[in-house]
Amino acid sequence: MSNLKAPVVILNFKTYLESSGENALELAKALESASAESGITMVAAPQAIDIYKIKEETGIPVLSQHIDAVSPGGHTGSNLFESFVESGIDGSLLNHSEKRMTLADIAAVTKMLEDEKLISCICTNNVETSVAAATLSPTYVAVEPPELIGTGIPVSKADPEVVSGSVDKVKAIDKNVSVLCGAGISTGEDMAAAIELGAEGVLLASGIIKAESPKDALLDLVSKI
């Protein structure tokens with residue numbers, strides 16, 4: 001799968017109760033409905049256990065939240081790439097600040113995804129790590145300073161240079177890699193600011209998941225672009 005049509009909204013379901021089990025399916029359906037209504041590409045990144053059900057009952061792209069760099073065999077508790085492929089994933093997040101990976105493992109899983117023509121979204125925390133990620137030629141680099149995650153303070157306002165700097169440096173390494181903006185994104189103004197800084201979409205979580213109406217929050221998110 002090539003890059004999704006920009007701008008892209010990736011919703012990381014994390015492990016909130018509001019985005020687990022049956023709630024995960026309802027949230028995915030809200031994403032699908034908001035995407036259809038707005039014409040904006042919206043992507044779900046649910047827990048591994050909810051992926052198959054969401055793929056069966058919706059038509060939206062689905063990413064796993066993490067994949068372990070292991071081969072089939074004795075790796076109890078690991079997330080096996082082949083199993084995710086069978087469940088229908090369209091790609092995966094990698095190296096989220098809540099699930100860090102070694103550079104060797106990021107490279108290995110990015111290659112696995114590339115070989116299957118699936119989306120790879122490597123999460124980074126600053127310009128320097130964005131540069132390192134870009135050398136692996138993933139589909140996306142999603143820059144999000146961890147200190148802003150879940151704060152409601154958008155990186156596009158608190159630290160705009162980390163977004164614009166990542167865009168400039170990443171594109172200089174590989175013009176085909178798209179940069180996403182994460183951390184603190186929740187409103188239409190936040191997303192518009194991220195796009196202005198050169199990002200081709202956003203990676204977000206609690207601002208939508210915890211909203212009274214996730215669908216309305218998603219429509220507000222894309223209302224100014």
Side-chain angles (χ1 to χ4, degrees), residues 4 7-38 40-67 79 84 87 89-100 119 121 123 125 140 142-158 180-195 199 201-225:
L4 298 164
V8 176
V9 174
I10 299 177
L11 182 61
N12 181 5
F13 286 26
K14 300 195 175 183
T15 57
Y16 292 108
L17 289 176
E18 294 91 339
S19 54
S20 301
E22 286 302 317
N23 289 337
L25 180 58
E26 290 308 307
L27 187 56
K29 288 179 177 177
L31 271 170
E32 184 175 43
S33 180
S35 179
E37 200 166 311
S38 65
I40 301 295
T41 306
M42 298 194 183
V43 183
Q47 294 173 61
I49 199 166
D50 295 319
I51 289 173
Y52 183 79
K53 178 166 51 182
I54 290 171
K55 285 299 296 183
E56 284 285 291
E57 298 195 33
T58 73
I60 59 172
V62 174
L63 308 182
S64 57
Q65 296 179 4
H66 169 75
I67 296 174
N79 291 296
F84 278 120
S87 71
I89 61 163
D90 298 284
S92 185
L93 302 180
L94 300 172
N95 196 51
H96 190 275
S97 62
E98 295 160 2
K99 194 69 173 175
R100 288 288 186 218
I119 295 163
C121 179
C123 299
N125 61 348
Y140 299 104
V143 60
E144 46 175 14
E147 65 272 15
L148 295 177
I149 293 175
T151 64
I153 303 169
V155 63
S156 54
K157 291 181 182 176
L180 305 179
C181 179
I185 304 292
S186 59
T187 70
E189 284 184 2
D190 298 341
M191 183 158 179
I195 300 300
V202 294
L203 171 64
L204 69 169
S206 57
I208 301 299
I209 293 168
K210 296 281 190 177
E212 188 173 331
S213 169
K215 180 184 173 181
D216 288 345
L218 286 163
L219 290 173
D220 175 69
L221 180 75
V222 299
S223 62
K224 297 188 185 308
I225 55 172

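Residue numbers start at 1 and run along the sequence shown.
The shortest distance between side-chain heavy atoms of Tyr140 and Leu63 does not fall below 4.5 Å. In this structure, the side chains of Leu203 and Leu93 come closer than 4.5 Å at one or more pairs of heavy atoms. Using a 4.5 Å heavy-atom cutoff, the side chains of Leu204 and Ile10 are not in contact. Within the 4.5 Å cutoff, the side chain of Val43 has no heavy atoms near those of the Ile119 side chain. Looking at Arg100 and Asn95, their side chains come closer than 4.5 Å, going by heavy atoms from C-beta outward. Lys55 has its side chain out of reach of Ser87: every pair of non-hydrogen atoms, C-beta onward, lies at least 4.5 Å apart. Annotation: side chain of Leu31 is in contact with side chain of Leu218 (closest heavy-atom distance under 4.5 Å). A heavy-atom distance below 4.5 Å is not found between the side chains of Gln65 and Glu98.
Interatomic distance, Phe13 CZ to Asp50 CG, rounded to the nearest 0.5 Å: 8.5 Å. Of the inter-residue distances, the one linking Lys224 atom NZ with Thr187 atom OG1 reads 8.0 Å to the nearest 0.5 angstrom. With values rounded to the nearest 0.5 angstrom, Glu18 atom CD is found 13.0 Å from Ile208 atom CD1. Note that the NZ atom of Lys29 and the CD1 atom of Ile54 stand 10.0 Å from one another [nearest 0.5 Å]. Rounding to the nearest 0.5 angstrom, the gap separating the CD1 atom in Ile209 from the CG atom in Asn23 is 10.5 Å. Taken from OG1 in Thr58 to CG in Leu25, the straight-line distance is 7.5 Å, to the nearest 0.5 Å.
Across every non-hydrogen atom of Ile225 and Ala192, the tightest pair is CG2-CA, 3.9 Å. Between Ile60 and Ala44, the shortest heavy-atom contact is CD1-CB, 3.7 Å. Of all heavy-atom pairs spanning Val8 and Met191, the tightest one is O-CE, 4.3 Å. Between Ala142 and Cys121, the closest heavy-atom pair is CB-SG, 3.8 Å. Shortest non-hydrogen contact noted between Ala34 and Met42 is CB-SD, 3.8 Å. Across all non-hydrogen atoms, the minimal contact from Tyr16 to Gln47 is O-NE2, 4.4 Å.
Here the side chain of Ser64 pairs no donor or acceptor atom with the backbone of Ala48 at under 3.5 angstrom. With hydrogens and angles disregarded, a donor-acceptor distance shorter than 3.5 Å links the side chain of Ser223 to the backbone of Asp220.
In this structure, Ile49 places its CD1 atom where only 12 or fewer heavy-atom neighbours from other residues, nucleotides or ligands lie under 6.0 Å away.
Side-chain N/O atoms of Ser97 and Glu144 include no donor and acceptor closer than 3.5 Å.
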